[in-house]
Amino acid sequence: PGALAAYCLMLGDDALIYAHRLSEWTSNAPDLEDDIALANISLDLLGQARLLLARAAAADPGVVPTMPEGSPVPAEDALAFFRDEAAFRNVRFVEADNGDFAVTIARLLLFATHRLALLQRLTTSVDPVLAAVAAKGVKEVTYHRDYAGRWFVTLARGTEESRRRLVAGLGTVWPMYAELSRPCEVEVAAAAQGFGVDPATLADEVDAVVEHVLATAGVDRPDVAPSGTGPLGRVGQHSEAMGPLLAVMQVVARAHPKGKW
Amino acid sequence: PGALAAYCLMLGDDALIYAHRLSEWTSNAPDLEDDIALANISLDLLGQARLLLARAAAADPGVVPTMPEGSPVPAEDALAFFRDEAAFRNVRFVEADNGDFAVTIARLLLFATHRLALLQRLTTSVDPVLAAVAAKGVKEVTYHRDYAGRWFVTLARGTEESRRRLVAGLGTVWPMYAELSRPCEVEVAAAAQGFGVDPATLADEVDAVVEHVLATAGVDRPDVAPSGTGPLGRVGQHSEAMGPLLAVMQVVARAHPKGKW
Amino acid sequence: MGDTLEADFEHIIERHERIEPRDWMPERYRATVVRQVAQHAHSEIIGMQPEGNWLTRAPSLRRKAILLAKVQDEAGHGLYLYSACETLGVTRAELTEKLISGKQKYSSIFNYPTLSYADVGTIGWLVDGAAICNQVPLCRTSYGPYGRAMIRICKEESFHQRQGYELLMTMMGGTDEQRAMVQESVDRFWWPALMMFGPPDTGDMASPTGHTAQSMAWGIKRDTNDDLRQKFVDMSVPQAEALGVTLPDPALTWNAERGHYDFGQPDWEEFAAVIAGSGPCNAQRIAHRKRAHDEGAWVREAATAFAARSVVEEDR
Amino acid sequence: MGDTLEADFEHIIERHERIEPRDWMPERYRATVVRQVAQHAHSEIIGMQPEGNWLTRAPSLRRKAILLAKVQDEAGHGLYLYSACETLGVTRAELTEKLISGKQKYSSIFNYPTLSYADVGTIGWLVDGAAICNQVPLCRTSYGPYGRAMIRICKEESFHQRQGYELLMTMMGGTDEQRAMVQESVDRFWWPALMMFGPPDTGDMASPTGHTAQSMAWGIKRDTNDDLRQKFVDMSVPQAEALGVTLPDPALTWNAERGHYDFGQPDWEEFAAVIAGSGPCNAQRIAHRKRAHDEGAWVREAATAFAARSVVEEDR
């Protein structure tokens, strides 16, 4: 596929799969306010996913799976519901189960910090659509990061148990976190062509923000090895969590390839 | 469908769906011995399911979903993987999540006690296949019941926590338990025709065994209302746990309707 | 002095004005409002589950977004309503405890399972539709905070109802399987929706506790169960026709004399069983809420401890 | 006297007889056997995860039963091997603790994910195949309980290998998608399977700790890594041809002079990374085991408490 389409797919899939995971919190959060906040974050990311998948399809219709003749399924849905696992381009970081609230907050902090830095850069993308999506996303993800940051510090400095869980949760998500800043070919090409960003160039900035939150929380950087080497999720090699996620996510859509919803 | 086919489907679906749930314990049990025991119980029930689904298909080929031309999928698999939710005839009791080990043991005790009484009667079924399946099953399910009974008493009389969990677990599974002994039309017809059993006629016998285990464990019968009235699962009205279970169970088979495995 | 207060209270009620949190009110009025508002709040919270069940399986991204926003709105409604209760001196924690222990009820409708994506549409159309019939009059209810919450809630509910109806309409324009799915869903939800208005006001099945009469006198309730049920049926029949589905009631027919539809009675024994705890999902719904609440306890405790510590640190 | 004991020990080793639990043995021998048997036991237990991942998605009931029985066998192997360790005075609880804390290792292969149902077949064919090459010589290993456990295990592993190969063969006779699935799976597992024999015996990548030499001298190990790897390649190439898949090694070619296949080297840096904890699934595998172990703690405690109480009651 074209580099722009590939790049939009990648960013769209991150948002789509993570939105899916976060939506699993609905009716399960520790308090009503958090149920609402997590649903809101999920909705924002779902919105970003829809715009990015639509942009990918517009930039290169070849990325959209072929649907049976007469199928009314729009491109964004063909991409979300009719691609097989290996065609998804999200990082494995967003696939894993939510774990408890501490794991969730730790992952959200890392994800939102990275994505905010990325979207800020993308506001000057030479692709006007991408720039517009980024401009909208910056506001949203700033809130996501702040929400996660506040809870991160609260849990770290709350009770003994919350601190224990937070530290464990950070350790749980940390091994896959490295994948977000490990550049894949698509990102390198996207950066070279001026519409995308090489995530390696964001690492310092992201790291500084994360360090600041860790310091405020009085939590050490986890001393754990990264999970896997190479781009993995970005080239379609996912974790074992992805298959069951897609089985559930795609089941109704796939049962009705000519369905209207 | 014919009454015999409908009856075999029903008993086969109970075994199939419960075997599926129990297989989820694999690599997750409290100790290796229990990992092995639960896998063994799951395997026994899976074996019963295969024989019963095959009997259903032989008794009335009309119950088997139509597969695309040239599909090599055998009848037992067409039934397991290509029926939609509403065509499954298992009780909702076997669909629910496993919960913790206490919930699992409580459900296994109730399920195996009921099924053992049922299979013992079915050894004299006028259908020779059903009688043979039952004769084999009696030995298997006797072990299942004894395994569950031993753990039930152990947990009840182990630690404070294990007792608390066991009592809670029994309360969790109890509301749907009534469904097993609530006769549906198919069972009434099967009993009238001599190849099946009206589960209402088993209730006293099953109840006596359960009471005996409860007494040994020093645990009271839960004082909770039954979940739902009428046959529900037996007429295809399942619980909300069934959809996601089938989404996962059927995903690979459905992606390859002409696949050979 | 008690007499003056009571007279003032009665006076406000008579003039259809609002009772506000700081106004004097009879203890039974307070208890009745708390019970009704809490039950409504609990219904919003428990009501997140049957629809939330389809969030991970929504068949299009647009529908996933709509559903997520809707379930989120229900959480928001729960939030306003618990706040309205708090103005009467009851905390959210106390109310949650009463929900989980079964001491307070929620709408019987949420004890039915959602078994296909069409149920998301049917809940919007019929269940939210019935809720609106019940709730619009409550915008004028005598207790101020409740009435104001209801204004906002009704606005959103009516938006949800349109979205649900629109989903069903879209599905009816899809494949045969989709149309069958919609019909099957409507078949399952029609009677439980009628039950949402509560037992008949008269006859054997009428509520013996007489909540309705007292609540109406106090202006907490504004219409009888049967009136609201009739209004709902009259509203729904032409909508069903426009949709192309059959409502599963052979007795349903236009009565020109009355200017209303005649209709059959729901299975009131089933209703009684559901209210008594034997609905298909009662145990599951409460267990879900209890699990989420219990699993969140350490988070709420952490927030409390952190807030307390922050106050201490600021004081230094 | 120590000299006599040591001489007896050496004598048994030289004659390729078995050391039994009650025999005297040097502390380093004991430690080495414990380490090796524990690592093998851990590999069986962790090895349940990648295949167990497909239990709920097996595409036919026959395959579901085969897979469940196989994963159950792995648990059984773990059980024998932990028992063999226990004859050397180490408890299963201690070993589990060492696995969870990362103090003891398990086979690097299980740090790769299973991503399609073909992986179940490929693990049977290649991974169990490589395991058998490693393990058959261990049936003659010097420590008695280990050797006897290996005899039983090898018999079952070879059954599993045939089942895995048969699954792949069946899939190759299926649809184009299935054939592509098998090829993709073999592409992912070939190199990690070669790594299962450990680093080369000589050269830059050779293990600096020299475990191999000492273990061979003691008869705990019986062949070098490179010999076993060669044997595996020689065995697998004709099997791949019969299957109709391409092994992903352009250097793979028959060397008539050597009477063996020449083949390329795996990415030993990747191997080092996986051993160091950076495999795609290391963290996940350990976390899974830890979670299951932690969640089972109350059950094991209950069993212990119940057993203790039963003893007391019997004593009365």
Side-chain angles (χ1 to χ4, degrees), chain A residues 16 19-36 38-40 42-43 46-47 49-50 53 72-74 76-77 79-81 100-102 105 151 153-163 165-166 245 248-261, chain C residues 44-65 67-69 71-76 78-79 82 92 96 116-117 121 167 170-175 177-178 181 288-289 291-293 295-310:
Chain A
L16 174 65
H20 184 90
R21 276 291 179 227
L22 287 172
S23 78
E24 294 176 346
W25 270 106
T26 302
S27 86
N28 292 300
D31 220 336
L32 273 177
E33 288 79 356
D34 300 297
D35 219 306
I36 292 169
L38 291 169
N40 210 37
S42 175
L43 264 173
L46 186 55
R50 293 179 67 189
L53 295 185
V73 171
E76 63 174 32
D77 292 332
L79 283 166
F81 298 105
D100 69 8
F101 190 69
I105 288 298
W151 264 120
V153 174
T154 302
L155 296 180
R157 304 181 61 207
T159 63
E160 254 181 62
E161 184 182 8
S162 71
R163 186 176 180 81
R165 283 182 185 253
L166 182 79
L245 182 154
V248 170
M249 182 173 112
Q250 298 180 330
V251 66
V252 180
R254 288 195 173 204
H256 304 275
K258 296 191 174 186
K260 286 188 192 163
W261 303 100
Chain C
E44 296 284 355
I45 299 307
I46 296 291
M48 294 171 72
Q49 293 180 38
E51 290 177 279
N53 178 39
W54 288 91
L55 277 171
T56 56
R57 287 175 286 165
S60 83
L61 297 183
R62 176 169 161 262
R63 289 296 169 192
K64 201 182 183 90
L67 181 58
L68 187 49
V71 180
Q72 188 191 29
D73 280 348
E74 290 168 353
L79 205 58
Y82 283 133
R92 199 199 297 178
T96 301
S116 79
Y117 204 78
L167 167 58
T170 306
M171 288 180 70
M172 291 304 284
T175 64
E177 288 84 359
Q178 288 185 294
M181 207 191 278
H288 180 123
R289 187 88 296 273
R291 184 189 43 68
H293 187 71
E295 286 178 2
W298 69 271
V299 179
R300 295 189 302 274
E301 282 157 22
T304 308
F306 180 74
R309 186 165 314 154
S310 303

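Since this is a predicted model, take the numbers as computed values, not measurements.
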Comparing T154(A), L245(A), V252(A) against chain C, the one with the most heavy-atom pairs below 4.5 Å turns out to be T154(A)

Most contact-rich option vs chain C, by heavy-atom pairs under 4.5 angstrom, among K258(A), Q250(A), E76(A), is E76(A)

Inset, instruction - Mark yes or no for whether R163(A), through its side chain, and R157(A), through its backbone, hold a donor-acceptor pair below 3.5 Å. - result: no

Given the rule in the side chain to side chain contact (heavy atoms under 4.5 Å, CB included) test, do Q49(C) and E74(C) qualify, once you have shown the distances and angles that lead to the verdict?
CA-CA 10 Å; Q49(C) 293 180 38; E74(C) 290 168 353; over 6 Å; no

Scored by heavy-atom pairs under 4.5 Å with chain C, the best of I36(A), T159(A), L38(A), V73(A) is I36(A)

Honestly, the part of L53(A) sitting under 4.5 Å from a heavy atom of chain C is side chain

* Under 3.5 Å, is there a donor-acceptor pair between the S27(A) and H288(C) side chains? -> yes

Rounded to the nearest 0.5 angstrom, the CZ-CG distance for R63(C) and L167(C) is 4.5 Å

Under 4.5 Å to a heavy atom of chain C? For I105(A) that would be neither

When the 4.5 angstrom heavy-atom criterion is applied to V299(C) and chain A, the contacting part is both

Honestly, the part of R57(C) sitting under 4.5 Å from a heavy atom of chain A is both

Under 4.5 Å to a heavy atom of chain C? For V153(A) that would be both

- Query: So Y117(C) and L67(C), side chain to side chain contact (heavy atoms under 4.5 Å, CB included) or not? Walk me through it.
  - Reply: CA-CA 11 Å; Y117(C) 204 78; L67(C) 181 58; 3.6 Å; yes

Applying a strict 4.5 Å limit to non-hydrogen atoms, the region of A19(A) in contact with chain C is neither

Most contact-rich option vs chain C, by heavy-atom pairs under 4.5 angstrom, among P30(A), A29(A), A80(A), S42(A), is P30(A)

Among G76(C), A308(C), A75(C), the residue with the most heavy-atom pairs under 4.5 Å to chain A is A75(C)

Looking only at V248(A), D34(A), T26(A), most heavy-atom pairs under 4.5 Å shared with chain C are made by V248(A)

Scanning both residues in full, the closest heavy-atom pair of G158(A) with A305(C) reads O-CB, 3.7 Å

Turns out that what part of I46(C) lies under 4.5 Å from chain A's heavy atoms comes down to neither

Honestly, the part of Q72(C) sitting under 4.5 Å from a heavy atom of chain A is both

Under 4.5 Å to a heavy atom of chain A? For R289(C) that would be side chain

Closest heavy-atom pair, A65(C) versus L43(A), reported as atoms and distance to 0.1 Å, is O-CD2, 3.4 Å

Minimal heavy-atom distance between S116(C) and M181(C), with the atoms involved, is OG-CG, 3.6 Å

Pair V71(C)-W54(C), side chain to side chain contact (heavy atoms under 4.5 Å, CB included): steps then yes or no
CA-CA 11 Å; V71(C) 180; W54(C) 288 91; over 6 Å; no

So, the part of N28(A) with a heavy atom under 4.5 Å from chain C: the answer is both

Honestly, the part of R254(A) sitting under 4.5 Å from a heavy atom of chain C is neither

For A253(A) and P59(C) the tightest heavy-atom approach is CB-O, 3.6 Å

Exercise for the section: State, yes or no, whether a side-chain contact exists between H20(A) and L16(A) at a heavy-atom distance under 4.5 Å. Expected result: no

Cut-off 3.5 Å, side chains only: do D100(A) and W298(C) have a donor facing an acceptor? no

Okay, A307(C) and chain A: the region with an atom under 4.5 Å from a heavy atom over there is neither

Applying a strict 4.5 Å limit to non-hydrogen atoms, the region of V251(A) in contact with chain C is side chain

Among L68(C), T96(C), T175(C), the residue with the most heavy-atom pairs under 4.5 Å to chain A is L68(C)

**Report entry** Worked verdict on W261(A) versus D77(A) for side-chain hydrogen bond (donor to acceptor under 3.5 Å, both in side chains)
**Finding:** CA-CA 10 Å; W261(A) 303 100; D77(A) 292 332; over 6 Å; no

The interface call for L46(A) against chain C, heavy-atom contacts under 4.5 Å, is side chain

Counting heavy-atom pairs under 4.5 Å with chain A, the top scorer among M48(C), R92(C), K64(C) is R92(C)

| said: Are T56(C) and E24(A) packed together at the side-chain level, in the sense that at least one heavy-atom pair is separated by less than 4.5 angstrom? | reply: yes

Under 4.5 Å to a heavy atom of chain C? For F81(A) that would be side chain

